[in-house]
Amino acid sequence: MKTAKTRTSAYYKRERKILIACFLAIPLILLVMFTVYPVCAMIYYSFTNWNGYGSPDEFVGLKNYVEIFTNPKYWVVFQNSLYYLVAGLIQQALGLALAVLLSRKLRLGSLFKGTIFFPYLINAVAVSFIFLMFYEKGGVLDSFLQMVGLSDWSRLWIADPNTVKYSLSFTALWRSFGYSFVIFSGAMQSVPSEIYEAAEIDGANAVQRTLRITIPNIKMVIGLMLMMTIIGSLSVFDIPFIMTKAQNGTNTFISTVVDVAFTYNQFGLASALSVVLLIMITLIALVRSVVLKEGD
């Protein structure tokens with residue numbers, strides 16, 4: 001009997017391992033096919049002058065990377081990313097402030113939260129067309145300025161190089177503001193209410209409770225959102241591409257990669273740009289992990 005039980009147990013364990021391996025094989029194969037292999041191929045192509053047809057026939061070493069870091073036109077994308085970074089930081093600050101305000105029990109609080117989050121649910125294409133009508137000459141914004149007696153402030157908001165970057169970054173801020181708000185609101189729900197009650201009994205006001213209790217308890221979420229803001233400012237694509245076709249000095253990192261690859265057929269250079277972006281995002285993630293770990 002013991003031998004039979006032992007055999008049955010061994011068979012069951014072997015069968016369980018085979019079943020687990022089969023379930024793991026599918027996602028691993030998909031991961032290799034759609035993530036690992038494309039990344040490795042991209043790194044390889046970045047050292048060639050591949051034009052997108054056939055196989056790369058010339059190995060150029062670091063030529064593409066030298067081109068990226070010495071050609072001034074590729075540095076413009078970093079300058080443009082600063083506008084989205086500043087807009088993202090403002091968005092995070094506003095989202096956190098509003099989340100703190102609405103964390104209290106207010107009448108119609110759920111309605112306010114749903115209204116704030118709604119713009120994030122709208123497709124980026126729809127948002128872009130809405131703001132094209134908002135910014136157009138004689139549109140909603142110009143009509144509002146005229147109504148309040150500031151008609152002299154009217155501009156060609158999208159066509160004017162001096163205002164187009166502010167217009168696009170504000171559009172991105174408006175669309176993503178609700179997402180930041182919901183994330184911060186959810187994080188605050190994890191802070192025990194007893195801590196706030198004890199602090200209130202001890203005489204701590206709302207500002208002190210926010211600075212001494214709320215912020216320290218959600219600092220991991222704040223760090224995560226900060227990292228996502230930086231990465232998002234580097235990889236923004238949809239809004240400037242739809243609203244301006246990435247022209248008029250509004251090209252971003254991703255739109256530049258698309259333009260270099262599919263307009264000029266310089267897939268080797270486009271791959272090098274993608275590798276640079278990948279390295280920057282990886283470094284940002286590592287810095288965030290180290291900073292938060294040291295903070296703990």
Got [X] and [Y] here, is their nearest side-chain heavy-atom distance under 4.5 Å?
X: Ile281; Y: Ile230; result: no
X: Ile254; Y: Leu277; result: yes
X: Tyr120; Y: Val182; result: no
X: Leu234; Y: Ile284; result: yes
X: Val66; Y: Asn71; result: no
X: Leu168; Y: Tyr84; result: yes
X: Pro119; Y: Trp174; result: yes
X: Leu269; Y: Tyr74; result: yes

*Going by distance alone, is a donor N or O of one side chain under 3.5 Å from an acceptor N or O of the other, for Thr244 and Thr250?*
yes
_Is it true that Asn251 and Ser255 share a donor-acceptor pair across their side chains at a distance under 3.5 Å?_
no
Sidechain-backbone polar pair: [X] side chain, [Y] backbone, donor-acceptor under 3.5 Å:
X: Arg212; Y: Thr210; value: no
X: Asn248; Y: Ala159; value: yes
X: Thr171; Y: Ser167; value: yes
X: Asp160; Y: Arg155; value: no

Only pairs under 3.5 Å count here: list side-chain donor-acceptor contacts from residues 123-134, not counting sequence neighbours, and write none if there are none.
{"from": "Asn123", "atom 1": "OD1", "to": "Val125", "atom 2": "N", "distance (Å)": "2.8"}
{"from": "Ser128", "atom 1": "OG", "to": "Ala124", "atom 2": "O", "distance (Å)": "2.8"}

_Checking Thr214 against Tyr196 for the side-chain hydrogen bond (donor to acceptor under 3.5 Å, both in side chains) test, could you report, in this order, the C-alpha distance in whole Å, the side-chain angles of both residues, the deciding distance, and whether it holds?_
CA-CA 9 Å; Thr214 304; Tyr196 291 104; 2.7 Å; yes
*Do other residues, nucleotides or ligands put more than 12 heavy atoms under 6.0 Å from Gln146 CD?*
no
Looking only at heavy atoms, what is the nearest atom pair of [X] and [Y], with distance?
X: Met188; Y: Val100; result: CE-CG2, 3.2 Å
X: Pro38; Y: Val32; result: CD-O, 4.0 Å
X: Thr163; Y: Trp157; result: OG1-O, 3.1 Å
X: Ser143; Y: Gly138; result: OG-O, 3.6 Å
X: Ala172; Y: Ile239; result: CA-CD1, 3.7 Å

Anything under 3.5 Å between a donor and an acceptor, one on a side chain of residues 91-98, the other on a protein residue two or more places apart or in another chain? List them.
{"from": "Gln91", "atom 1": "NE2", "to": "Ser176", "atom 2": "O", "distance (Å)": "3.4"}
{"from": "Gln91", "atom 1": "NE2", "to": "Ser180", "atom 2": "OG", "distance (Å)": "2.6"}
{"from": "Gln92", "atom 1": "NE2", "to": "Ser180", "atom 2": "OG", "distance (Å)": "3.2"}
{"from": "Gln92", "atom 1": "NE2", "to": "Thr229", "atom 2": "OG1", "distance (Å)": "2.9"}

Show me the donor-acceptor pairs, under 3.5 Å and distance only, between side chains in residues 42-54 and residues at least two apart or in other chains.
{"from": "Ser46", "atom 1": "OG", "to": "Ile43", "atom 2": "O", "distance (Å)": "2.5"}
{"from": "Ser46", "atom 1": "OG", "to": "Tyr65", "atom 2": "OH", "distance (Å)": "2.7"}
{"from": "Thr48", "atom 1": "OG1", "to": "Tyr45", "atom 2": "O", "distance (Å)": "2.8"}
{"from": "Thr48", "atom 1": "OG1", "to": "Trp50", "atom 2": "N", "distance (Å)": "3.4"}
{"from": "Asn49", "atom 1": "ND2", "to": "Glu58", "atom 2": "OE1", "distance (Å)": "2.9"}
{"from": "Trp50", "atom 1": "NE1", "to": "Tyr53", "atom 2": "O", "distance (Å)": "3.3"}
{"from": "Trp50", "atom 1": "NE1", "to": "Gly54", "atom 2": "O", "distance (Å)": "3.1"}
{"from": "Asn51", "atom 1": "OD1", "to": "Tyr53", "atom 2": "N", "distance (Å)": "3.0"}

*Test ring pair (Phe, Tyr, Trp, His ring centres under 6.0 Å) on Phe262 and Phe267 and set out the steps.*
CA-CA 8 Å; Phe262 297 102; Phe267 282 82; 5.5 Å; yes
*asked:* Working note: Ile116 + Leu102, criterion side-chain contact (heavy atoms from CB on, under 4.5 Å); need CA distance, chi angles, decisive distance, verdict.
replied: CA-CA 11 Å; Ile116 293 169; Leu102 293 182; 3.9 Å; yes
_The test is side-chain contact (heavy atoms from CB on, under 4.5 Å); show your working for Tyr135 and Val164 and say whether it passes._
CA-CA 10 Å; Tyr135 289 129; Val164 62; over 6 Å; no
*Determine whether the aromatic ring centres of Phe78 and Phe253 lie less than 6.0 Å apart.*
yes
_Aromatic centroids of Phe117 and Tyr179 separated by under 6.0 Å_ = no
